[in-house]
Amino acid sequence: MNLDLVLGMSCNNKGSLACDQNSGLVAHTASGVLVLLNTRTNCQVKYFHVRKNCVSSASFSKDGRYVTTGETGFRPAVRVWRVKDGDEVATLYGHEFGIKCVRFSPCMREIISVGMEHDNVVNVWAWPKGDRLAANNIVDVIRAVDYSECGNFFVTSGCRHIKFWYPKQTIDESRLSKAVPNVQPLYGRPGLLGDCKDHMFIDVVCGTGSSASSVFAITRAGGLVIISATKRKVKTHKSLNGMKGTCIKAHDRVLFIGFSNGDVHMFNAIDLVHLGALPLPTFFRRTGLSGGGVHTLTFNLCTSYLTTAYNNSSLCVWDLQDPANVKQKYVAVYHNEGIAQLDFYSKPDALSTSGGVRETLVTVSHDSTVRLWGVLIDTTICYDKLNILSAEDGSPRLQGSEPRTLAGSGVITTIKVSTDRKYIVTGNQAGTICVYDKESIALAFTVKAHSREITCLAFYTDTSSGQVVLVSGSRDRLVQVMDATSGFKIVSTLNIHSSSITAVKVCRAGNKVCILSSASDRLINLSQACTDNTQSSPTSPGQSKQLSTFQLTRCLACVSSATDLAVDQRTLQMAVGFQDGNIRVFELAQLQVSVV
């Protein structure tokens with residue numbers, strides 16, 4: 001099974017965005033995956049998986065052949081991947097609590113890694129051999145790291161901390177010594193900060209080309225500090241006119257600074273003359289989304305593309321080839337909170353000009369938005385359309401924006417698209433089900449189905465009668481069955497679990513319609529539709545009975561609580577995901593007959 005598309009990013013550190021100066025590839029972290037984006041074609045081209053940990057940072061080698069990643073979690077490692085085929089060529093263990101930043105040296109023979117707050121270790125690795133050459137402990141909290149263009153030193157920044165480290169000098173001195181330990185103490189000297197010694201330095205970058213003699217740092221108070229790379233003394237301390245910088249990058253004579261309001265300003269790195277500014281992407285302003293400020297950025301000198309990552313987990317690629325006509329080449333707006341539920345639908349005639357298939361993925365998140373992603377499945381899989389709907393949950397909105405709002409939705413916890421693709425149905429924390437017209441997003445029906453949060457929804461269409469059924473599960477331990485063809489009226493209630501419902505599915509087994517439900521009580525129950533013999537009017541010949549009441553017939557006790565399940569209608573098998581991290585496959589015949 002191959003990963004084909006990632007919709008999201010997790011830029012938690014300054015080093016979570018990297019750029020290859022040769023091919024134009026941009027790497028960004030996405031939980032346990034490192035995503036490589038081709039900025040020329042706007043498509044994701046490669047994915048590097050870390051099995052159980054989260055990727056925290058990345059860095060390309062100078063020739064673009066390798067990319068290294070740092071991670072957080074159990075036994076965090078520095079991993080080196082070959083970009084061409086995706087093979088892991090080196091794994092380096094030397095941190096205990098996680099890795100904040102990794103960097104390739106300009107000569108590509110060494111890799112530096114900086115640990116998280118509770119790790120407090122800086123390591124220098126000879127990665128082809130897997131040896132740790134030098135290391136040192138850091139008492140201060142490190143926020144960023146950058147390697148000098150010459151490769152003689154690298155700089156770390158943090159709380160009251162600017163320090164120059166000299167791995168090349170450390171290695172050379174160790175070779176001259178006859179009796180040395182396996183790991184040398186890394187030689188470092190603090191920056192001579194003067195009046196700036198009490199500042200929090202949130203990002204640092206070493207100059208390149210014409211500005212190689214300087215080191216640039218951004219302070220939390222909103223200042224730009226320029227330090228001599230040779231003397232380690234502060235040369236200039238400039239206020240940024242009341243704006244708070246969040247990240248910085250330097251390329252030859254141009255200095256890029258990202259700010260907390262989402263703007264990116266460009267300065268001359270020599271005399272600090274203002275050259276221009278880039279505002280928030282137009283998609284943010286049109287939909288009323290807040291970028292939350294620029295988190296980090298990177299610039300590709302080969303393609304003249306500036307890539308910015310925002311605090312709301314969004315990405316924008318700017319084309320700066322023509323300074324008089326700056327363009328937004330690519331914008332990816334992802335959820336910035338956890339995704340609660342997803343669903344998808346497709347149209348039979350929704351084919352692209354190249355013969356690919358177009359589908360729509362619907363996601364609901366804790367960031368109070370519902371998003372409809374237009375996914376194109378062809379030789380590659382990418383998304384090229386996005387529609388954002390705002391949940392009406394009382395959260396503040398930006399003035400002057402008019403996002404489409406799901407009226408009365410509340411705090412949405414689950415979502416489902418009807419089988420006939422006419423409705424989008426949401427369930428909220430208050431136990432209310434809201435039914436919206438898919439095209440106009442107008443509220444069509446409201447059903448107070450439960451007394452607590454709704455956890456799952458499922459649709460089923462009975463082909464014999466044409467009846468459409470909606471089934472819902474909730475934390476109130478009830479499963480409700482609603483007739484969608486009769487205004488979503490509740491026709492049956494199942495009280496067959498002793499804990500919160502986690503998943504419901506509807507299928508047909510033989511000539512019986514069945515509801516499968518799982519809950520935190522470690523039970524999977526099967527309820528079958530039963531015939532109501534008390535109907536006043538018999539069913540006419542050729543007319544099928546409507547689904548009304550269901551009765552528990554079979555159950556299965558599991559070793560762990562089920563979190564989700566899927567049913568194969570052809571083989572009558574169900575795949576169940578459990579809290580213990582396993583996916584188990586059962587046949588419906590394995591469920592035991594209930595004695596209730």
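Computed over heavy atoms, backbone and side chain alike; hydrogens, waters and symmetry mates excluded.
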Item to check | Parallel, tilted or perpendicular: rings of His28 and Tyr334 (30°, 60°) | outcome: tilted

Checklist entry - Is a side-chain donor or acceptor of Glu71 paired with a backbone partner of Val50 at a separation under 3.5 angstrom? => result no

Item to check | Main-chain N/O of Gln579 paired with Ser561 side-chain donor or acceptor, under 3.5 Å | outcome: no

Checklist entry - Any chance the side chains of Asp568 and Thr571 put a donor and an acceptor closer than 3.5 Å? => result yes

Checklist entry - Where is the tightest heavy-atom contact between Ala30 and Val6, given as atom of each residue plus distance? => result CB-CG1, 3.8 Å

Checklist entry - Can you check whether Val78 reaches Ile111 side chain to side chain, under 4.5 Å on heavy atoms? => result yes

Checklist entry - Judged by atom type as modelled, is there a donor-acceptor pair below 3.5 Å linking the side chain of Thr461 to the main-chain atoms of Val468? => result no

Checklist entry - Where the side chain of Ser418 meets the backbone of Tyr423, is there a donor-acceptor pair that is under 3.5 Å apart? => result yes

Item to check | Contact check, side chains of Gln44 and Leu36, non-hydrogen atoms, under 4.5 Å | outcome: no

Next on the checklist: Using a 6.0 Å cut-off, check whether atom CZ of Arg475 has over 12 heavy atoms from anything other than its own residue.
Outcome noted: no

Checklist entry - Hey, mind stepping through Val331 and Val333 against side-chain contact (heavy atoms from CB on, under 4.5 Å) and telling me if it holds? => result CA-CA 6 Å; Val331 178; Val333 185; 3.7 Å; yes

Next on the checklist: So, taking the atom named CD1 in Ile257 and the one named CG in Leu297, what distance separates them when rounded to the nearest 0.5 Å?
Outcome noted: 9.5 Å

Checklist entry - With distance as the sole test, does Asp87 use its side chain to make a donor-acceptor pair with the main-chain N or O of Val89 at under 3.5 Å? => result no

Checklist entry - Are the side chain of Thr414 and the backbone N or O of Gln341 linked by a donor-acceptor pair below 3.5 Å? => result no

Next on the checklist: Would you say that Lys249 contacts Phe299 through its side chain, given a criterion of any heavy-atom pair below 4.5 Å between the two side chains?
Outcome noted: no

Item to check | Salt-bridge present (Lys327, Asp322; N to O < 4.0 Å) | outcome: no

Checklist outcome for this item: When every non-hydrogen atom of Ser472 is compared with those of Met482, the smallest separation belongs to OG-CE, 3.4 Å

Item to check | Donor-acceptor pair, side chain of Ser365 and main chain of Asp367, under 3.5 angstrom | outcome: yes

Next on the checklist: Regarding Arg358 and Asp384, does a basic nitrogen lie under 4.0 Å from an acidic carboxylate oxygen?
Outcome noted: yes

Checklist entry - Do Ser518 and Thr502 have side-chain N/O donor and acceptor atoms under 3.5 Å apart? => result yes

Checklist entry - Tell me, do Leu516 and Leu588 make a side-chain contact under 4.5 Å, heavy atoms counted? => result yes

Checklist entry - Are Phe60 and Phe104 near enough that their ring centres are under 6.0 Å apart? => result no

Checklist entry - Ion pair present between Asp319 and Lys329, side-chain N to carboxylate O less than 4.0 angstrom? => result no

Next on the checklist: Regarding Asp420 and Lys438, does a basic nitrogen lie under 4.0 Å from an acidic carboxylate oxygen?
Outcome noted: no

Next on the checklist: Distance alone, cut at 3.5 Å: any donor-acceptor contact between the side chains of Thr369 and Ser390?
Outcome noted: no

Next on the checklist: Could you measure the distance from the CZ atom of Phe259 to the CD1 atom of Ile248? Nearest 0.5 Å is fine.
Outcome noted: 9.0 Å

Checklist outcome for this item: In short, Thr69 meets Val102 closest at the heavy-atom pair C-CG2, 4.2 Å

Next on the checklist: For Ser10 versus Ser31, what's the shortest heavy-atom pair and its separation?
Outcome noted: OG-N, 2.8 Å

Next on the checklist: Within the structure provided, determine whether Tyr345 and Val362 are in side-chain contact (heavy-atom separation under 4.5 Å).
Outcome noted: yes

Checklist entry - Would you say the side chains of Thr363 and Trp373 form a donor-acceptor pair under 3.5 Å? => result yes

Checklist entry - Less than 6.0 Å separating the ring centroids of Phe284 and Tyr310? => result yes

Checklist entry - Among Asn38, Leu37, Thr307, Thr39, which one satisfies side-chain contact (heavy atoms from CB on, under 4.5 Å) with Tyr330? => result Leu37

Checklist entry - Is Arg584 positioned over the aromatic face of Phe578, cation under 6.0 angstrom from the ring centre and no more than 45 degrees off axis? => result yes

Checklist entry - Is Arg75 close enough and on-axis enough to Tyr93, meaning under 6.0 Å and within 45°, for cation-pi? => result yes

Checklist entry - Heavy-atom distance under 4.5 Å between the side chains of Ile433 and Ile454, does that happen here? => result yes

Item to check | Inter-residue atom distance Phe459.CZ - Asp343.CG, 0.5 Å rounding | outcome: 9.5 Å

Next on the checklist: Would the distance check show the side chain of Asn300 and the main-chain N or O of Thr303 forming a donor-acceptor pair, the cut-off being under 3.5 Å?
Outcome noted: yes

Next on the checklist: Is there a side-chain contact between Leu34 and Tyr47 in this structure, where contact means two heavy atoms from C-beta onward sitting under 4.5 Å apart?
Outcome noted: no

Item to check | Main-chain N/O of Val411 paired to Gln429 side chain as donor or acceptor, under 3.5 Å | outcome: no

Next on the checklist: Less than 4.5 Å apart, side chain to side chain, heavy atoms only: is that true for Val567 and Gln573?
Outcome noted: no

Checklist entry - If you round to the nearest 0.5 Å, how far is CG of Leu315 from NE2 of His295? => result 12.0 Å

Next on the checklist: If you count every heavy atom of other residues, nucleotides or ligands that lies below 6.0 Å from Lys505 atom NZ, does the total exceed 12?
Outcome noted: yes

Next on the checklist: Once rounded to the nearest 0.5 Å, what's the spacing between atom OH of Tyr66 and atom CE of Met108?
Outcome noted: 8.5 Å

Checklist outcome for this item: Here the pair of heavy atoms bringing Pro323 nearest to Val326 is O-CG2, 3.7 Å

Checklist entry - In this structure, are over 12 heavy atoms from other groups packed under 6.0 Å from Leu3 atom CG? => result yes

Checklist entry - Looking at Leu361, Val375, Thr360, Leu372, which one forms a side-chain contact (heavy atoms from CB on, under 4.5 Å) with Phe344? => result Leu361

Item to check | Check: Cys434 main-chain N/O paired with Thr446 side-chain donor or acceptor under 3.5 Å | outcome: no

Checklist entry - Side chains of His95 and Ser113: is there a donor and an acceptor less than 3.5 Å apart? => result yes

Checklist entry - What orientation do Trp81 and Phe48 show, parallel under 30°, tilted 30 to 60°, or perpendicular over 60°? => result tilted

Checklist outcome for this item: Rounded to the nearest 0.5 Å, the OG1 atom of Thr91 sits from the CH2 atom of Trp127 at a distance of 11.5 Å

Item to check | Ile501 to Cys456 - nearest heavy-atom pair and separation | outcome: CG2-SG, 4.0 Å

Item to check | Carboxylate-amine/guanidinium contact Asp203 Lys14, below 4.0 Å | outcome: no

